[in-house]
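Presented below is the structure to which this report refers.
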Amino acid sequence: MESAWNRSVLRTNNERLLLDRLRADGATSRAELARLTGLSKPTVSTALGRLEHGGLVREIGKQAVAGRGRSPVLYEADPTAGYAFGVDVGRSWIRVGLADLDGTVVARVDEPNTAADADGIVDAIVAQARRVCAEAGVERSRVLHAVVGSPGVIDTATNELRYAVNLPGWGRREVTDRLAESLGTGLELLNDANLAALGEYAAGAGRGRRLFVYLLVGTGLGAGIVLDGRLFPGARGAAGEIGYLPYGTPQSEGGREDRGARGRHEGHEGHEERGSREGRADHASSRGLLEDAAAADSIVAAARALGLADTASAKQVFLAARAGSETALEVVRREAERLALAVAAISAVIDPELVVLGGGIGDSADLLLDPLREALERMTPLVPELAASELGANAVLQGALASGVGTVRRLVFEAWQGAQEPTGVEG
């Protein structure tokens with residue numbers, strides 16, 4: 001005889017199956033749901049009634065039919081059953097979005113990051129979160145989870161952030177705890193390149209790809225790896241931290257000193273006395289060697305060193321290159337050579353079918369892809385397909401929202417299930 005526990009599990013599985021089907025297919029009738037899932041029509045009717053009563057499913061009208069037959073009622077998963085915050089924190093911008101359970105962005109606020117410290121970042125995120133709720137007309141109590149994308153490596157054991165050298169103080173446990181308390185939601189802190197990769201997989205250049213890498217090039221340098229639709233974080237969350245790849249002379253031969261010398265030559269503030277003074281103890285708090293050579297401020301420094309003395313940003317360099325400046329084009333070529341080192345290393349280790357170029361510098365992929373491909377072909381026979389990001393500056397936020405919506409869907413269903421009294425299963 002079937003136990004009450006087994007009947008309860010079967011009922012839960014049926015309801016989850018129907019809810020997932022509705023989210024995948026949109027508006028669907030009971031008869032079509034029965035056909036698609038293999039469940040009996042009475043079981044489908046009972047489950048839909050329970051889900052509708054619990055606010056997870058709603059009727060949206062009737063399906064038009066030819067002749068005088070009865071028009072079947074159409075159901076959909078109710079997208080307003082819960083909401084998620086997505087947050088993209090960078091040195092220059094803070095972006096906050098609010099999405100419903102369909103993944104539709106119902107409100108979004110992008111503002112320059114003017115915070116003086118980590119507490120200021122928390123205050124800015126909370127203020128922007130209040131604004132998106134107000135603009136969407138959504139009570140904050142209905143927002144159940146927030147996913148925050150940030151540079152750095154997230155320690156999965158403590159949920160603390162390490163190596164976010166461009167955002168001093170940000171990511172400490174007490175800071176993220178205050179953010180979660182202020183938002184009134186669950187909170188996940190995830191690497192920005194990883195979230196950008198998820199965003200490209202969900203709605204960009206990585207759709208349908210089994211194994212691809214998103215290369216984020218901007219203020220920093222990082223990569224997100226997606227395998228079979230899931231992130232590959234590595235044993236300690238550091239997979240894709242390609243900014244720490246070696247570049248230039250090995251440290252035993254003066255590598256850190258060379259980096260400091262390059263900083264003095266190219267105008268990098270704060271690098272003058274690194275090297276011999278800080279040595280290995282500096283690794284946890286400094287930028288990696290390849291990041292130091294390929295991120296945005298290095299492009300500015302290289303342009304100045306080649307004679308473009310008034311260059312204030314990497315964007316200016318790429319604008320000049322588009323206008324035909326030979327000097328700017330040479331800076332772009334050198335940047336492509338440095339990025340090729342990262343792509344060659346990635347290709348040799350994980351053999352991705354595609355590498356997507358994104359981030360602030362990656363937005364200029366139209367200028368970078370050809371010299372990047374040429375440099376790769378000189379370095380290695382393992383040249384993956386290369387493509388520009390389709391989401392641009394939206395990639396991290398898109399990934400954060402997609403991740404947050406997935407969590408809220410689970411939370412809403414589990415909360416509803418927990419509130420139900422055990423009953424049998426009809427059909």
Side-chain angles (χ1 to χ4, degrees), residues 19 23 54-56 77-90 93-111 113 115 118-150 152 154-161 164 167 170-192 194-196 198-199 202 231 237 394 396-419:
L19 195 55
R23 285 185 175 132
L56 276 68
D78 190 344
T80 68
Y83 294 85
F85 287 129
V87 183
D88 174 12
V89 178
W93 288 87
I94 297 176
R95 299 178 172 92
V96 177
L98 179 67
D100 64 20
L101 293 191
D102 278 346
T104 301
V105 182
V106 296
R108 172 176 170 171
V109 174
D110 296 21
E111 291 187 347
N113 183 358
D119 287 331
I121 293 176
V122 171
D123 293 340
I125 293 171
V126 172
Q128 288 175 233
R130 289 180 179 138
R131 281 184 57 190
V132 295
C133 285
E135 289 179 11
V138 172
E139 295 179 6
R140 288 177 64 190
S141 61
R142 300 177 68 193
V143 187
L144 304 182
H145 197 67
V147 175
V148 180
S150 169
I154 286 77
D155 186 325
T156 54
T158 65
N159 204 35
E160 288 188 321
L161 187 70
L167 297 169
W170 166 246
R172 300 191 314 274
R173 181 64 180 267
E174 60 268 27
V175 173
T176 54
D177 284 350
R178 185 168 82 85
L179 177 59
E181 182 179 357
S182 299
L183 291 176
T185 67
L187 181 71
E188 279 182 280
L189 190 61
L190 298 175
N191 173 265
D192 53 359
N194 284 342
L195 285 176
L198 277 183
L231 285 173
N394 297 319
V396 176
L397 185 61
Q398 178 73 40
L401 288 168
S403 179
V405 166
T407 297
V408 173
R409 286 178 176 178
R410 174 179 57 79
L411 292 173
V412 166
F413 185 79
E414 290 176 354
W416 172 71
Q417 281 290 324

Evaluate Val132 against Tyr83 for side-chain contact (heavy atoms from CB on, under 4.5 Å), listing each step before the verdict. CA-CA 11 Å; Val132 295; Tyr83 294 85; over 6 Å; no
Give the C-alpha distance, both sets of side-chain angles, the deciding distance and a yes or no for salt bridge (Lys or Arg N to Asp or Glu O under 4.0 Å) between Asp100 and Arg142. CA-CA 10 Å; Asp100 64 20; Arg142 300 177 68 193; over 6 Å; no
Test side-chain contact (heavy atoms from CB on, under 4.5 Å) applied to Val126 and Glu181, step by step: CA-CA 10 Å; Val126 172; Glu181 182 179 357; over 6 Å; no
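The shortest distance between side-chain heavy atoms of Val122 and Leu179 falls below 4.5 Å. Contact annotation: the side chain of Val396 never approaches that of Trp93 to less than 4.5 Å [non-hydrogen atoms, C-beta and beyond].
Judged purely by atom type and a 3.5 angstrom limit, Arg409 uses its side chain to pair as donor or acceptor with the backbone of Leu101. Side-chain atoms of Asp88 do not come within 3.5 Å of backbone N or O of Ile94 as any donor-acceptor pair.
With values rounded to the nearest 0.5 angstrom, Leu231 atom CG is found 9.0 Å from Asn191 atom CG. To the nearest 0.5 Å, the span separating CG on Leu144 from CG on Leu411 amounts to 6.0 Å. With values rounded to the nearest 0.5 angstrom, Thr80 atom OG1 is found 10.0 Å from Leu56 atom CG. Rounding to the nearest 0.5 Å places CZ of Arg95 at 8.0 Å from CG of Leu397.
Crowding of Glu111 atom CD: a count of heavy atoms from other residues, nucleotides or ligands under 6.0 Å exceeding 12. No more than 12 heavy atoms of other residues, nucleotides or ligands shown are found within 6.0 angstrom of CD on Glu139.
For the pair Leu195 and Gly149, the tightest heavy-atom approach, listed with the atom from each and the gap, is CD1-CA, 3.4 Å. Residue Ser403 comes nearest to Glu188 through the heavy atom pair OG-OE1, 4.3 Å, listed as atom of the first residue, atom of the second, then distance. Minimum interatomic distance between Leu189 and Ser150 (heavy atoms only, all atoms of both residues): CD1-CB, 4.2 Å. Taking each heavy atom of Leu19 and Ala77 in turn, the nearest pair found is CD1-CB, 3.9 Å. Scanning all heavy atoms of the two residues, the minimum distance from Ala81 to Gly55 falls at CB-O, 3.6 Å. Gln398 approaches Gly199 most closely through the heavy-atom pair CG-CA, 3.9 Å.
For the side-chain contact (heavy atoms from CB on, under 4.5 Å) test with Val147, the passing option among Thr185, Leu187, Leu190 is Leu190; the others fail. Under the side-chain contact (heavy atoms from CB on, under 4.5 Å) test applied with Arg108, the options Val96, Leu98, Asn394 reduce to a single match, Asn394.
A salt bridge is absent between Arg172 and Asp119; no separation between the charged side-chain nitrogens and carboxylate oxygens falls under 4.0 Å.
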